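Here is the structure we will look at, set down as structure tokens.
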Amino acid sequence: MPEILDPASPKPRVRFAPSPTGFLHVGSARTFIFNWLYARHNGGTMILRLDDTDVERNTQASVDSIFDGLKWLNLGWDEEYKQSERMDLHRKTAWTIFEKGLAYRDFTPAHTGDAEKSGAQGTWLFNPGARELSRTESDRRAAAGEPFALRFRVPRDGGQLVRFADAVYGEQVKAAADIEDFALLRSDGMPTYHLASCADDSDLRISHIIRGQDHLSNTYKHILIFEAAGCKPPQFAHLPLLVAPDGTKLSKRRHGPVVSVTTYRDAGFLSEAFINFLCLLGWSPKNDRENMSLQELTDIFSLEGINRSNAVVNFKEASVGRAPSPADNSQISPDVIPNPPRVVIPPLPHVVIPSEARDLGLAAAEDTFDPKALWLNAEHIRALPVEELSARLLPIVRAAGFDVTPEKMLRITPLIRERIKLLRDVLSAADFFFVDQLPPYDPAELIPQKGDAAMAMKVLSRAREVLAKIEFKHDPLDQALRAAALELGVKAGQMFQPIRLAVCGRKNAPPLFETLEVLGKETTLARIEQALAMTQQ
RNA sequence: GGCGCUAUCGUCUAGGGGUUAGGACGGAAGAUUCUCAAUCUUCAAACCCGGGUUCGAUUCCCGGUAGCGCUACCA
């Protein structure tokens, strides 16, 4: 419940007001973040309000999805409301406007749709005759039970102008004559978005409305409502839209799950990196800083840094886990599906055969997201203390079916920390630490650069001897294996590479000595043994 | 169709009447290391078009074009 604040308080009150008609997408998430940042920067209040006045399209699944996404963002909010529980207020506001003569009943049946829309020339402003209906006539028909919508009586003459100052887009002016008589109440008595939104913003004493630019032209209507209701309009700040690489607005149908916040979560983004990334779209600190912590963002965020042109989220379209579509032939529109299918999950190492396939699986996920988001995520991963990163990795590894102790994970983490861009990459980057049995690999890969099968044999058998009798610590391993290489007359690289392959099952892996140290003598020797057996065939 | 908003490298952006138009991601090349990654160095890459104002416009003004938004008893 709202705390009672001094109405003259300089502390801003902002709100994020999603309508639960689809999953939380990245554009909405950014709006939430900017509101939150503004509130926190100024010591204000962040309000979450579910704008659920469209009973037809609202779904509980969507509400869940929005909370899912916001929970992951982990920013929190101070107050929470649901518009559907405040309809008395909305209606009261509507009738107040009506009593002032600034709204009228329109008994015209609702537009049935696109029929006239396609062929429409010019702009529809109001239904003929409705505006002029006398109050007594209007009251009589209403009393007789005739359905009507309540419409705002937009001033039609005198060349009136509606104006407001937008913190981002500057002074905005529009001729009232160009604004249609929009509805306040539907014929079923339900408030419309415009009415409910303004009534609530005023009642909740919202000081700043920070929202998508798609509402810029709606704002004139809102100004009209605020004024008709006798309220002072809040400050407005419209945000440039986030669009897809093709320039169109983000949509699940067209662009797939990449537009959903939960996709980023499931792919292994750190929420702080995701937030950082979103902040850089349409806003700039103007000092070339890019990699920023939440605290830094909070400290330097300001409305002045917001720019006016749309920003593209540079993802690769539809390369991410396309809906398993033909299977689910649900009739609901794709935009309404609350939790889109997850990203292609890199196949589990112990299931997959060729290492190329593994790499491809990973590449698919990485190619999907905006490269900058990936880079920032990698930066944030590296900035995390090892303990923290390890703790975040562990549940992912376990969920993939590997039994790893926190202690072992903590030893593995420093080895892969600079090699992963997404948390999920741990599965492909550290797979060989988790499995008992390495997936099969081509024995030909054991052959070192500028070497042959004989050299591989020679190196591996020598390694087997040497490793059997030394301590598995970085320095001794380093010295012993280099010495062995010297004895055998091969280059260090030619010595290390067959061992790496035998032990990791692939060519690219973390540094050898650290790896052996974590893997331990027993596993290492067993894998070298296996490799030797393979080269013999 | 009407009304509105926007326009700097591929992408995110800084800048602003005179600049070698800056940074970042991504790309390319090189250095480095036992591979990969990380790191470092270097390179390629942009002011939508046309008028006007001005000694001088990428910057200011107008027009065009393009993109986007609104134009519902959706939000």
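Quick caveat: nothing in here was measured; it's all calculated off a predicted structure. Chain naming here is simple, since letters A, B, ... match the order of the sequence lines and numbering starts at 1 in each.
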Opposite nucleotide pairing with B:rC43, Watson-Crick or G-U, both atom distances under 3.5 Å: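 Its partner is B:rG27 (Watson-Crick or G-U wobble, both distances under 3.5 Å).
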
Looking for any heavy atom pair under 4.0 Å, which part of the strands does [X] touch: base, sugar-phosphate only, or nothing?
| X | value |
| --- | --- |
| A:P18 | nothing |
| A:P147 | nothing |
| A:L512 | base |
| A:T108 | base |
| A:G282 | sugar-phosphate |
| A:P371 | sugar-phosphate |
| A:D288 | base |
| A:H238 | nothing |
| A:R382 | sugar-phosphate |
| A:S217 | base |
| A:Q83 | nothing |
| A:Q497 | sugar-phosphate |

Sole residue of A:D52, A:D203, A:D51, A:D201 in salt bridge (charged side-chain N to carboxylate O under 4.0 Å, His left out) with A:R86: A:D203

So, is [X] close to the [N] phosphate, meaning a side-chain N or O under 4.0 Å from OP1 or OP2?
| X | N | value |
| --- | --- | --- |
| A:R151 | B:rC73 | yes |
| A:N307 | B:rU13 | yes |
| A:K286 | B:rU13 | no |

Whole-angstrom distance between B:rC49 and B:rU65, as gauged at atom C1': 7 Å

Donor-acceptor pair present, A:S187 side chain and B:rC73 base, under 3.5 Å: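 Per atom types, the contact qualifies.
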
Presence of donor-acceptor pair under 3.5 Å, side chain of A:N218 and base of B:rA75: yes

Residues A:D246, A:R254: salt bridge by 4.0 Å N-O rule: yes

Donor on one side chain, acceptor on other, A:T219 and A:H238, under 3.5 Å: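 Yes, A:H238 and A:T219 have a side-chain donor paired with an acceptor closer than 3.5 Å.
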
Modelled atom types, side-chain donor and acceptor of A:N276 and A:E272, under 3.5 Å: no

Parallel, tilted or perpendicular: rings of A:H215 and A:H222 (30°, 60°):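 Tilted.
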
Geometric class of the A:Y264/A:F274 ring pair [parallel <30°, tilted 30-60°, perpendicular >60°]: tilted

Selection: residues 477-494 of chain A, any non-hydrogen atom under 4.0 Å of RNA chain B: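 Those residues whose heavy atoms fall under 4.0 Å from RNA chain B, taken from residues 477-494 of chain A in numerical order, are A:R482.
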
Minimum-distance nucleotide (side-chain atoms of A:F513 versus B:rC34, B:rC36, B:rA72): B:rC34

Whole-Å gap separating C1' (B:rA72) and NE2 (A:H194):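 In whole Å, B:rA72 C1' and A:H194 NE2 are 9 Å from each other.
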
More than 12 heavy atoms from other groups under 6.0 Å of CG on A:D157: no

Heavy atoms from other residues, nucleotides or ligands near NZ of A:K221 exceed 12 (cutoff 6.0 Å):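 Yes, enclosed.
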
Please write out each protein N/O paired with an N/O of nucleotides 44-46 of chain B under 3.5 Å, distance rounded to 0.1 Å.
none

Could I get a table of every N or O pair under 3.5 Å where one atom is in the protein and the other is in nucleotides 5-8 of chain B?
| from | atom 1 | to | atom 2 | distance (Å) |
| --- | --- | --- | --- | --- |
| B:rC5 | O2' | A:Q213 | NE2 | 3.2 |
| B:rU6 | OP1 | A:R308 | NH1 | 3.2 |

Nearest-0.5 Å distance that lies between atom CG in A:L133 and atom CZ in A:R105: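 If I round to the nearest 0.5 Å, the distance is 9.0 Å.
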
Among A:T93, A:T53, A:D200, A:L150, side chain to side chain contact (heavy atoms under 4.5 Å, CB included) partner for A:L195: A:T93

